[in-house]
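Okay, structure first, notes after.
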Amino acid sequence: MENKLDRIYDPHSIEQQIYQQWEESGNFSPSDDGAPYCIMIPPPNVTGSLHMGHAFQNTLMDALIRYHRMKGHNTLWQVGTDHAGIATQMVVERLLNAEGTSRVDLGRKAFTERVWDWKANSGGTITNQLRRLGASVDWTRERFTMDDDLSYAVREVFVSLYEDGLIYRGKRLVNWDPVLLTAISDLEVTSEEESGHLWHFRYPISGSAEHVVIATTRPETMLGDTAVAVHPDDDRYQHLIGKTITLPLVNREIPIVADHYVDPEFGSGCVKITPAHDFNDYAVGERHHLPIINIMTPRASIDLPGSRYHGMSRETARQEVVADLEQSGLVEKIEAHQYKVPRGDRTGQVVEPYLTDQWFVKAGPLAQPAIAAVKTGKIRFVPKNWERTYFEWMENIEDWCISRQIWWGHRIPAWYDEEGNIFVARTAEQANEQAKVLHGENDFVLRQDEDVLDTWFSSALWPFSTLGWPQSTKAYETFYPTNVLVTGFDIIFFWVARMIMFGLKFADDIPFHEVYIHGLVRDSEGQKMSKSKGNILDPLDLIDGIELEPLLKKRTTGLMQPELAPQIESATRKEFPNGIPAYGTDALRFTFARLATQGRDIRFDLGQIEGYRNFCNKLWNAARYVLMNSEQTKVMPIDQLSANTSIEKWIIAELQNTTRQIEQAYEIYRFDIASKCLYEFIWDEYCAWFIEFSKIMLRNPETDEATKQSLRASLVSVLDASIRLLHPFMPFITEQIWQTVANDRDGRSIMFERFSDSTVPINEGAVAEINWTKSVISSIRNLRSENDIKPGDKIVAMYQLLGDEPSSWLNQNILLITEFARLSSFKPLKDAPEPAVSSHLVSTEVGDFRIYIQTGDLEHAEEQLARLEKQLKNLEQQIKRTQSKLNNTQFLEKAPAAVIDKERTRLLECEKSRKLIRERQHRLSNHSLTS
RNA sequence: GGGUGCUUAGCUCAGUUGGGAGAGCAUCGCCCUUACAAGGCGAAGGUCGCAGGUUCGAGCCCCGCAGCACCCACCA
């Protein structure tokens with residue numbers, strides 16, 4: 001490392017080089033020393049690239065990891081990626097289509113080989129982006145959910161659950177994506193309200209002229225109706241229960257049944273029942289033992305050989321059915337209707353309830369201990385209110401459909417013989433053994449189940465499968481249960497709940513003690529970021545910067561709806577007329593930390609990150625100043641500083657207060673508080689006061705050498721301590737400065753330094769003295785500004801000690817006051833009668849210390865009088881309020897003594913201030929009369 | 001239909017167990033002062049969504065209302 005900092009802070013020139021050094025030196029692996037601390041990364045999809053949500057989440061995890069590493073813990077941040085079954089298969093299928101071939105052409109074996117190739121060549125995007133972010137994950141332990149050992153864990157879990165009766169196979173109505181041709185789980189279906197129609201049809205009663213009117217949003221499914229239902233207590237239809245209907249168009253006799261499911265208030269009170277194509281109807285069908293007639297192919301076209309609708313898409317069939325019923329005069333009416341349409345979250349296609357053979361996890365028994373773990377406080381959600389969401393879902397949990405009819409994923413370890421017997425086993429050999437037992441000497445052929453498991457199945461094992469389970473490895477013994485899971489609320493059901501269930505079942509313990517749920521990153525307007533809205537910010541663009549043209553291109557290419565491009569382009573031009581400047585990783589990370597308030601979604605706009613980039617610059621330049629002034633000075637722990645002067649004692653006190661607040665904030669995951677404390681301490685105390693104080697003292701020829709040495713040591717050591725506190729949020733700039741401020745680093749990294757030093761007792765006297773000095777300086781600055789005195793002009797000032805502030809405070813700090821306030825002299829006013837001294841005096845007070853300054857003229861007298869008048873008015877109000885409180889016997893009886901004392905003191909202070917202000921008014925108005 | 005969160009300065013948000021309303025950005029003055037103009041000094045700006053209640057005292061606790069956002073659910 002160089003021993004100097006460049007004049008200009010340039011994040012780009014330091015960040016990548018530093019990360020490479022960290023990674024190469026193996027710094028991210030556990031130290032094998034100290035209490036274990038472990039976080040599991042939510043494995044990003046291997047097809048993914050870093051978005052703002054990742055950047056936010058990983059910033060917080062890295063801060064926690066770095067904090068605990070510096071605290072001396074044996075720290076593991078387990079990294080890896082998820083095979084993302086459907087997403088990855090879609091990506092590779094698109095590539096194949098572009099090449100003019102297809103998944104089916106290749107066949108299963110060649111296709112999965114192709115996916116592995118893709119992964120080897122293109123699957124590292126997001127992990128490399130994590131490096132840019134500074135993530136101190138242990139790359140040597142990187143895992144992929146389809147690694148051999150993790151796949152082994154998957155089979156182990158599947159087989160165990162099967163043996164325990166918690167996995168079963170069955171023909172059930174599932175959510176079917178007719179484009180992907182696979183079942184998906186309830187969670188993968190999203191319902192949006194859409195405009196449609198409510199069709200009212202007349203169904204004729206068999207052998208009668210009567211008919212009933214049924215209403216439906218899906219006319220085409222009437223081809224599969226097997227009943228009409230009414231409410232059992234509905235007087236209108238009592239006489240029809242048990243009779244039959246001749247189903248129009250199909251001419252099938254179907255019964256009228258009574259079922260509580262029907263809401264008599266809705267529509268006509270009669271419901272068509274299609275058990276094969278509706279979840280509710282399926283349940284009704286089961287209750288009444290109705291036949292289940294499937295009328296659709298997997299691609300959701302009509303499957304009724306011999307019917308005129310056979311082969312029609314569901315949309316066409318709908319039109320035709322309605323037209324035909326219309327023709328027969330069976331359409332009562334058609335109403336506009338808003339209704340929820342279920343769509344697959346991957347394809348956006350309307351999902352069909354579809355009757356197929358699938359594998360399910362029986363969730364109820366697994367959920368019970370998982371609920372208890374949170375109820376008893378073994379697992380804590382932060383913020384706590386998410387526990388309610390968790391309970392709500394867990395207490396009403398449905399069985400989980402885990403089989404998927406795709407090729408990329410963990411193949412289900414089940415085999416069938418020709419008679420349909422199922423053999424679930426860890427390996428084909430074991431399945432064979434089982435089959436032998438059954439078949440004896442007879443020949444048989446086994447065929448493995450074609451389906452793969454839902455990707456979330458393997459994700460659910462992540463906290464223990466990555467650590468070596470089912471083997472009892474050192475990592476597993478050391479780091480399970482992990483400390484905290486950091487994730488978004490959107491995957492509490494998908495992932496968090498299932499990890500808890502499986503962790504308790506298989507690793508015999510909770511997977512983590514705490515779950516920190518963070519908010520969603522939105523754009524500056526509060527909109528969700530999405531490609532189709534064209535409002536995506538790429539974290540790397542914020543780090544490296546991007547010109548307008550490439551940004552436009554990025555946002556407008558590959559849109560699902562290309563017609564939106566012009567709109568997106570103009571919005572982008574308006575928001576980023578000059579593109580995006582490079583802010584650097586540290587500024588981005590710090591911004592995320594500052595925005596990480598409890599649970600809320602966060603709005604991201606460039607003003608914020610710019611402010612924190614400026615903070616980086618501030619720190620950088622402060623470090624440059626310190627280097628210039630204390631090059632040969634040794635960095636010391638805070639508790640070993642000699643701290644000769646009050647200002648050193650004061651800044652040490654401030655540092656210690658800040659440290660304590662930060663450590664407390666980490667304990668409760670308040671990254672916003674921790675980062676805010678750092679910002680304020682470094683900028684408002686260390687830079688604005690301490691460095692400025694030090695300049696004056698170091699440059700003063702009368703300062704003795706010992707004091708200078710002490711000051712230099714404090715300057716450099718407090719800087720050193722500050723950047724250690726800051727390191728978890730800003731790893732790069734702090735490393736660069738840390739390497740530079742001392743010569744004896746020997747290639748060590750700041751990431752292993754202690755987070756904070758031992759404390760020394762706070763010197764309250766020094767703190768009071770410096771706070772008083774700061775107030776005096778601020779008051780004079782204020783006076784100067786109010787009187788339009790140019791910052792460069794030196795002025796005469798005088799003071800009066802009216803009370804009992806220690807005169808030592810003044811004597812000790814008179815140089816600082818004089819220099820800071822740019823005074824040519826600062827002397828006692830003696831006992832001269834005030835108005836006689838000068839007609840150009842204005843004054844202010846700090847407690848009982850009155851300060852006068854000389855002004856060149858009094859042209860601002862009117863303004864000042866107005867200001868004083870306003871202050872006076874405020875004071876009067878306060879006095880009145882305080883007095884009425886103190887006159888209130890109820891208040892005096894019931895309020896705590898401390899509060900009453902406070903009010904009394906306040907009253908005295910206000911009255912004193914009022915007196916002083918009146919005096920100032922008096923002086924000012926007299927003088928303005930004379931001038 | 002059930003649930004959750006939000007509403008505080010022009011904007012984005014803090015506000016810990018109830019005890020005199022805060023920050024950043026933006027705005028307005030004045031300064032290119034030898035670490036930093038990505039800076040310094042100073043100023044202005046709020047009926048804490050509305051309406052009640054509890055309390056000596058409410059931004060904070062309770063009830064109601066309104067608006068916004070999100071989650072869950074099988075209403076054809």
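Naming convention: chains lettered A, B, ... in sequence-line order (proteins, then strands); numbering from 1 in each chain.
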- Message: Whether A:K618 contacts B:G40 is assessed here as follows: a side-chain N or O lying under 4.0 Å from the phosphate OP1 or OP2. Is that the case?
- Response: yes
- Query: Taking the same atom, P, in B:A58 and in B:C48, what whole-Å distance lies between them?
  - Reply: 12 Å
- Item | Atom pair distance, as rounded to whole Å: NZ in A:K384 and P in B:G5 | 13 Å
- Report the nucleotide, chosen from B:C70, B:A35, B:C6, that has the shortest atom-to-atom distance to any side-chain atom of A:F489. B:C70
- Task: Establish, with yes or no, whether the OP1 or OP2 oxygen of B:A35 is under 4.0 angstrom from a side-chain nitrogen or oxygen of A:K695.
- Result: yes
- Could you give the distance from CZ (A:F590) to CG (A:L678), rounded to the nearest 0.5 Å? 6.0 Å
- Message: In whole Å, I'd like the distance from the CG atom of A:N888 to the C1' atom of B:C56.
- Response: 5 Å
- Item | B:A69 base / A:Q527 side chain donor-acceptor hit below 3.5 Å | no
- Message: Go nucleotide by nucleotide along RNA chain B from the 5' end; which of A:Q338 and A:I8 gets its closest nucleotide reached first?
- Response: A:I8
- Using a 4.0 Å heavy-atom cut-off across all strands, classify A:C270 as base, sugar-phosphate, or nothing. nothing
- Query: Once you round it to whole Å, what is the distance between P of B:A38 and OH of A:Y9?
  - Reply: 15 Å
Look for any protein N or O under 3.5 Å of an N or O in nucleotides 24-32 of chain B and output each such pair with its distance, or none.
unit_1 : atom_1 : unit_2 : atom_2 : d
B:C31  : OP1    : A:K790 : NZ     : 3.4

- Indicate the ring-plane relationship of A:F729 and A:F671, choosing parallel, tilted or perpendicular according to the 30° and 60° boundaries. perpendicular
- Query: From B:A38, B:U4, B:A76, pick the nucleotide closest to the side chain of A:H337?
  - Reply: B:A76
- Query: Where is the tightest heavy-atom contact between A:V741 and A:V716, given as atom of each residue plus distance?
  - Reply: O-CG2, 4.1 Å
- Query: With rounding to whole Å, what would you report as the distance between B:A14 and B:C61 at their P atoms?
  - Reply: 15 Å
- Query: Looking only at heavy atoms, which two atoms of A:S675 and A:R594 are closest? And how far apart?
  - Reply: OG-CD, 3.1 Å
- Relative to each other, are the rings of A:Y9 and A:W620 parallel, tilted or perpendicular (30° and 60° limits)? tilted
- Message: Let's see if you can work this out: which of B:G42, B:U4, B:A35 has an atom nearest to the side-chain heavy atoms of A:R624?
- Response: B:A35
- Separation of the P atoms in B:G57 and B:C65, to the nearest angstrom: 26 Å
- Item | Spacing of the C1' atoms in B:G10 and B:A26 (rounded, Å) | 7 Å
- Query: Do any side-chain nitrogens or oxygens of A:N396 fall under 4.0 Å of OP1 or OP2 in B:C72?
  - Reply: no
- Name the orientation class of the two ring planes belonging to A:F820 and A:W689 (parallel below 30°, tilted from 30 to 60°, perpendicular beyond 60°). parallel
- Item | From CD (A:E819) to CD (A:E692), nearest 0.5 Å | 11.5 Å
- Query: To the side chain of A:A622, which of B:A35, B:A14, B:C70 is closest?
  - Reply: B:A35
- Message: So does A:K790 get a backbone contact from the side chain of A:R784, meaning a donor-acceptor N/O pair under 3.5 Å?
- Response: yes
- Query: Distance between the C1' atoms of B:G45 and B:C28, in whole angstroms?
  - Reply: 11 Å
- In whole angstroms, how far is the P atom of B:G57 from the CG atom of A:N887? 15 Å
- State the CD-OH distance between A:Q661 and A:Y666, to the nearest 0.5 angstrom. 14.0 Å
- Residue-phosphate contact under 4.0 Å: A:R218 side-chain N/O, B:A76 OP1/OP2: no
- Query: When all nucleic acid strands are considered with a 4.0 Å heavy-atom cut-off, which category describes A:R781: base, sugar-phosphate, or nothing?
  - Reply: sugar-phosphate
- Check the distance between B:G5's C1' and A:R388's CZ and give it to me in whole angstrom. 12 Å
- Message: Need one value for A:K340: base, sugar-phosphate or nothing, where a base atom within 4.0 Å counts as base even if backbone is also close, heavy atoms only.
- Response: base
- Proximity to the side chain of A:A895 - top-ranked nucleotide from B:A14, B:U34, B:G19: B:G19
- Item | Atom-pair distance (CD on A:Q871; P on B:A43), nearest Å | 10 Å
- Message: So does A:V213 get a backbone contact from the side chain of A:R202, meaning a donor-acceptor N/O pair under 3.5 Å?
- Response: no
- Message: For Watson-Crick and G-U wobble pairs within 3.5 Å on both distances, what is RNA chain B written in dot-bracket notation, | included for inter-strand pairing?
- Response: ((((((((.[[[[.)...(..]]]].(((((.......))))).....[[.[[..)....]].]])))))))....
- Message: Any base atoms under 4.0 Å from A:V262, or only sugar-phosphate, or nothing? Heavy atoms, all strands.
- Response: base
- With sugar-phosphate meaning primed atoms plus P, OP1 and OP2, does A:F266 contact a base, only sugar-phosphate, or nothing at under 4.0 Å between heavy atoms? base
- Assign A:Q661 to base, sugar-phosphate, or nothing according to its heavy-atom contacts below 4.0 angstrom with the strands shown. nothing
- Euclidean distance, atom CZ of residue A:R172 to atom C1' of B:C74 [Å, nearest integer]: 18 Å
- Query: Using atom P of each nucleotide, how far apart are B:U16 and B:U7 to the nearest Å?
  - Reply: 12 Å
- Hey, does A:D263 reach any base, or is it just sugar-phosphate, or nothing, if we go heavy atoms under 4.0 Å? base
- Under 3.5 Å: donor-acceptor pair, side chain of A:D601, backbone of A:G519: no
- Of A:R522 and A:P896, the one whose closest nucleotide on RNA chain B sits nearer the 5' end is A:P896
- Can you find a side-chain donor-acceptor pair between A:D225 and A:T274 that sits under 3.5 Å? yes
- With no hydrogens and no angle check, do the side chains of A:D586 and A:Y612 hold a donor and an acceptor under 3.5 Å apart? no
- Item | Any A:T597 side-chain N or O less than 4.0 Å from OP1/OP2 of B:C13 | no
- Message: Please classify the nucleic acid contact of A:I668 as base, sugar-phosphate, or nothing, using heavy-atom distances under 4.0 Å.
- Response: nothing
- Query: Does A:R603 place a side-chain N or O at less than 4.0 Å from the phosphate oxygens OP1/OP2 of B:U12?
  - Reply: yes
- Item | Spacing of CZ belonging to A:F493 relative to OH belonging to A:Y390, to within rounding of 0.5 Å | 10.5 Å
- Task: Pick the C1' atom in B:A9 and in B:C25, then give their distance to the nearest Å.
- Result: 12 Å
- Message: Please pick, from B:C41, B:A38, B:U7, the nucleotide with the shortest atom-to-atom distance to any side-chain atom of A:A688.
- Response: B:C41
- Message: Just to be sure I understand the rule, does A:R600 reach a base, reach only the sugar-phosphate, or reach nothing, if contact means heavy atoms closer than 4.0 Å?
- Response: sugar-phosphate
- Pairwise P distance, B:A73 and B:G3 [rounded to whole Å]: 15 Å
- Could you give the OH-to-P distance, from A:Y390 to B:G3, as a whole number of Å? 22 Å
- Query: So which nucleotide from B:A35, B:U55, B:A23 ends up closest to the side chain of A:K894?
  - Reply: B:U55
